[in-house]
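Worksheet: one structure, shown below.
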Amino acid sequence: MGRSLLKSRSRQVLKCGEYYWKNNSQLSSLRMYSDGGSLKEVLAKKIPQEREKMLGIKCLHGDKKLGEIKVSNVMGGQRGLLLLMCDTSYVDPNKGIFYRGIPLKEVCAKLPRTQKGSKEGTPEGAFYLLTAGKMPNKKQAKAVTTEWQKRGKLPDYCFKLLDSMDKRVHPMAQFCAASAALNPESKFVEAYNKGAKKPKYWEYIYEDSMNLCAFLPTVASVIYCNIFKGGKGNRKLDSSKDWSDNFCNMMGYKDSGFVDLMRLYLILHADHESGNVSAHTTQLVGSALSDPYLSFSAGMCGLAGPLHGLANQEVLVWLDKLVAAIGCEPSDEQILKFINDTLKSGRVVPGYGHAVLRQTDPRFSLQNAFAMKNCKNDPGVKLVTRLWKLIPKVLKELGKVANPYPNVDAHSGVLLQHYGMNEMKYYTVLFGVSRALGVLPQLIWARALGAPIERPKSFTTDFLCKFLSKSKKGKKGKSGRKGRKGRKGRKGKKGKKSRKGRKNRKGKKSRKGKKSRKGRKGKKSKKSKKSKKSKKGPKKC
């Protein structure tokens with residue numbers, strides 16, 4: 001029944017895809033599709049196939065279980081539960097992060113170098129990879145850069161909003177406000193209000209996502225210049241520069257080394273599955289069909305939290321304390337003592353450990369490799385590299401740390417400071433600009449595959465206590481029945497021998513497999529004790 005249903009539904013999907021293909025004038029060129037097509041053309045080709053695949057999985061395997069849910073999972077932030085689907089990226093505990101099935105180290109090596117003299121791939125290429133699911137060639141990566149340059153003119157009302165904000169408003173608060181304020185530009189809202197059909201939602205989400213990515217460098221650079229540079233700075237995009245170069249240039253950074261660092265930084269922080277706070281919040285709000293501007297803004301509010309996006313600042317604060325206490329070039333013994341003092345005080349060593357990874361974060365390794373090529377003699381870089389060798393040994397000896405190795409935040413701050421960006425309050429904005437490259441492709445695909453609104457069921461603590469009480473009663477009831485049957489191996493009416501041969505107390509076997517009276521009395525007394533215990537019932541939760 002399931003297979004026949006699948007076949008008929010699959011035919012319907014294919015017919016819809018063919019109709020969409022023939023009747024969409026904007027995508028008529030797709031009949032001669034090749035790998036050289038634009039990003040939107042590639043998506044239009046791929047989406048019907050993915051819809052069919054997802055339909056097949058749901059029809060044939062919708063009743064399969066992925067695991068069990070424990071009370072500790074629910075009370076522990078749902079950590080580790082298999083609840084979300086995400087194809088853009090995946091984190092393997094031992095191998096690290098994969099973008100579209102490709103290890104991150106390989107992604108950084110293979111992304112095309114579109115800018116003359118640059119040693120790094122572009123975030124535009126990473127966006128193409130995460131959205132289309134395949135590595136772009138140089139032409140395709142360059143096409144995204146050109147597209148964002150065309151779309152990048154920020155509306156005047158957004159400039160006015162940012163210029164009107166008090167300097168005391170945190171950079172992330174300004175970033176969230178500006179992202180949400182761009183909502184009037186939404187093509188999705190306009191199409192939805194005109195009655196757009198559900199299968200075409202992804203097209204408008206795509207347009208909004210491309211526009212938002214194009215706006216973000218200008219938004220972020222204006223915030224930086226207003227707060228830290230007295231409002232001075234360039235606000236115009238240069239068509240000869242790529243996304244990262246324009247971003248750096250508008251903030252006032254012209255060093256080619258810093259521009260390459262920014263390209264690498266934006267690629268490394270782009271995506272991290274969909275269970276982290278910023279990614280999941282963006283998807284959750286998007287599932288209500290909020291437009292990408294509002295959804296992204298909500299995700300950035302989550303990123304602003306100290307447990308998510310502020311970690312690299314905490315690393316720098318800790319490093320400053322270390323240097324103040326034991327100097328710039330301390331001995332290994334002094335460093336080890338400082339680490340142990342930190343742990344004894346009940347604090348953690350920031351930048352070490354990870355929710356999923358059980359090895360050194362590849363993002364840390366990639367940043368360190370960049371540092372070794374470009375600024376290996378920087379005091380901060382030298383200190384971070386030394387700590388990489390010392391801290392894991394200390395944490396391993398504790399025996400309580402699942403992952404004693406450094407994560408991405410342990411290195412990013414010292415690299416930014418090497419090139420002169422010392423405004424730690426601003427670092428999370430850089431993270432936010434980067435995170436758009438991952439969460440927006442996820443949003444496009446959620447609408448393309450018709451993902452429903454998220455609506456998990458919640459319960460009260462009273463319900464939980466009653467549920468646990470019932471489960472205890474059930475267990476005690478079963479143990480009471482076992483007690484009535486007698487000890488190990490007593491099998492009902494036939495009086496079969498137990499595993500131990502059913503010996504009586506004197507050591508002789510009874511003829512019919514029954515025990516002597518003394519043995520039976522002993523059993524009865526024990527049985528009565530068990531029954532008394534069961535009558536008391538379980539303790540209240």
Side-chain angles (χ1 to χ4, degrees), residues 33-43 46 88-89 97-153 206-207 209-218 220-221 234 236-251 253-271 363 366-367 369-370 373-374 415 419 430 433-438 440-441 444:
Y33 167 76
S34 69
D35 285 341
S38 72
L39 178 54
K40 192 170 185 180
E41 291 171 351
V42 172
L43 283 174
K46 190 172 183 179
T88 55
S89 63
I97 302 170
F98 290 71
Y99 283 2
R100 287 291 186 171
I102 306 171
L104 188 54
K105 186 177 180 181
E106 194 177 324
V107 169
C108 291
K110 288 186 174 180
L111 281 172
R113 275 61 177 161
T114 61
Q115 297 304 110
K116 189 177 180 180
S118 175
K119 297 175 183 177
E120 302 295 333
T122 63
E124 298 93 304
F127 181 84
Y128 187 104
L129 170 64
L130 292 168
T131 307
K134 57 173 68 176
M135 186 67 70
N137 56 38
K138 191 172 182 178
K139 182 181 176 182
Q140 290 166 329
K142 185 72 176 174
V144 177
T145 301
T146 304
E147 191 72 22
W148 287 356
Q149 287 169 346
K150 290 177 182 176
R151 297 168 179 255
K153 187 179 179 182
Y206 171 86
E207 294 297 331
S209 298
M210 292 289 280
N211 288 337
L212 179 54
C213 283
F215 293 147
L216 288 180
T218 307
S221 61
N234 175 30
K236 291 184 179 180
L237 295 169
D238 185 339
S239 60
S240 67
K241 300 181 184 296
D242 66 359
W243 199 59
S244 305
D245 201 351
N246 263 313
F247 185 20
C248 295
N249 185 53
M250 287 189 289
M251 288 190 292
Y253 292 90
K254 302 184 186 299
D255 188 315
S256 60
F258 183 77
V259 176
D260 257 358
L261 171 64
M262 192 54 57
R263 290 187 183 108
L264 178 65
Y265 181 100
L266 295 172
I267 291 167
L268 296 184
H269 290 76
D271 209 31
R363 298 172 297 178
L366 287 162
Q367 288 182 109
F370 179 92
K373 291 176 186 175
N374 297 280
L415 284 172
Y419 287 100
L430 298 178
V433 173
S434 171
R435 189 45 59 97
L437 303 172
L440 294 176
I444 293 167

Checklist entry - T131 side chain to Y128 main-chain N or O, any donor-acceptor pair under 3.5 Å? => result no
Checklist entry - For the side chain of R263 and the backbone of G121, is there at least one donor-acceptor N/O pair under 3.5 Å apart? => result no
Checklist outcome for this item: Sequence neighbours excluded, the answer for salt bridge (Lys or Arg N to Asp or Glu O under 4.0 Å) partners of E120 is none
Could you pull out all donor-acceptor pairs under 3.5 Å where a side-chain atom in residues 104-112 meets a protein atom, sequence neighbours excluded?
residue: E106; atom: OE2; partner: K110; partner atom: NZ; Å: 2.8

Suppose we screen for side-chain hydrogen bond (donor to acceptor under 3.5 Å, both in side chains). Which residues come up paired with [X], at least two apart in sequence or across chains?
X	result
K116	none
K241	none
R151	E147, E207, N211

With rounding to the nearest 0.5 Å, note down the distance linking [atom1] in [X] to [atom2] in [Y].
X	Y	atom1	atom2	result
L261	C248	CG	SG	8.0 Å
Y419	M262	OH	CE	10.5 Å
N249	L237	CG	CG	9.5 Å
L216	W243	CG	CH2	6.0 Å
K236	K153	NZ	NZ	9.5 Å
L437	S209	CG	OG	11.0 Å

Over all atoms of both residues, closest heavy-atom pair of [X] and [Y]:
X	Y	answer
S89	D271	OG-OD2, 2.7 Å
A270	S434	N-OG, 3.1 Å
F370	G257	CZ-O, 3.7 Å
P441	T88	CB-CG2, 4.3 Å
D245	D242	N-OD1, 2.8 Å
S118	D260	OG-OD1, 2.6 Å

Checklist entry - For Y265, which residues count as a ring-ring contact (aromatic ring centres under 6.0 Å, His included) partner, sequence neighbours excluded? => result H269
Next on the checklist: Just by distance, no angles: are the side chains of T145 and E124 close enough, under 3.5 Å, to form a donor-acceptor pair?
Outcome noted: yes
Item to check | Derivation of the side chain to side chain contact (heavy atoms under 4.5 Å, CB included) call for Y99 and L130 | outcome: CA-CA 7 Å; Y99 283 2; L130 292 168; 3.9 Å; yes
Item to check | Criterion side chain to side chain contact (heavy atoms under 4.5 Å, CB included) on K40 and M210, from CA distance to verdict | outcome: CA-CA 10 Å; K40 192 170 185 180; M210 292 289 280; over 6 Å; no
Item to check | From CA spacing to verdict: side chain to side chain contact (heavy atoms under 4.5 Å, CB included), N137, Q140 | outcome: CA-CA 5 Å; N137 56 38; Q140 290 166 329; 3.2 Å; yes
Checklist entry - Given the rule in the side chain to side chain contact (heavy atoms under 4.5 Å, CB included) test, do L129 and K134 qualify, once you have shown the distances and angles that lead to the verdict? => result CA-CA 5 Å; L129 170 64; K134 57 173 68 176; 5.5 Å; no
Item to check | Close aromatic pair by centroid cut-off 6.0 Å: W148 and F127 | outcome: yes
Next on the checklist: Would you say that I97 contacts R363 through its side chain, given a criterion of any heavy-atom pair below 4.5 Å between the two side chains?
Outcome noted: yes
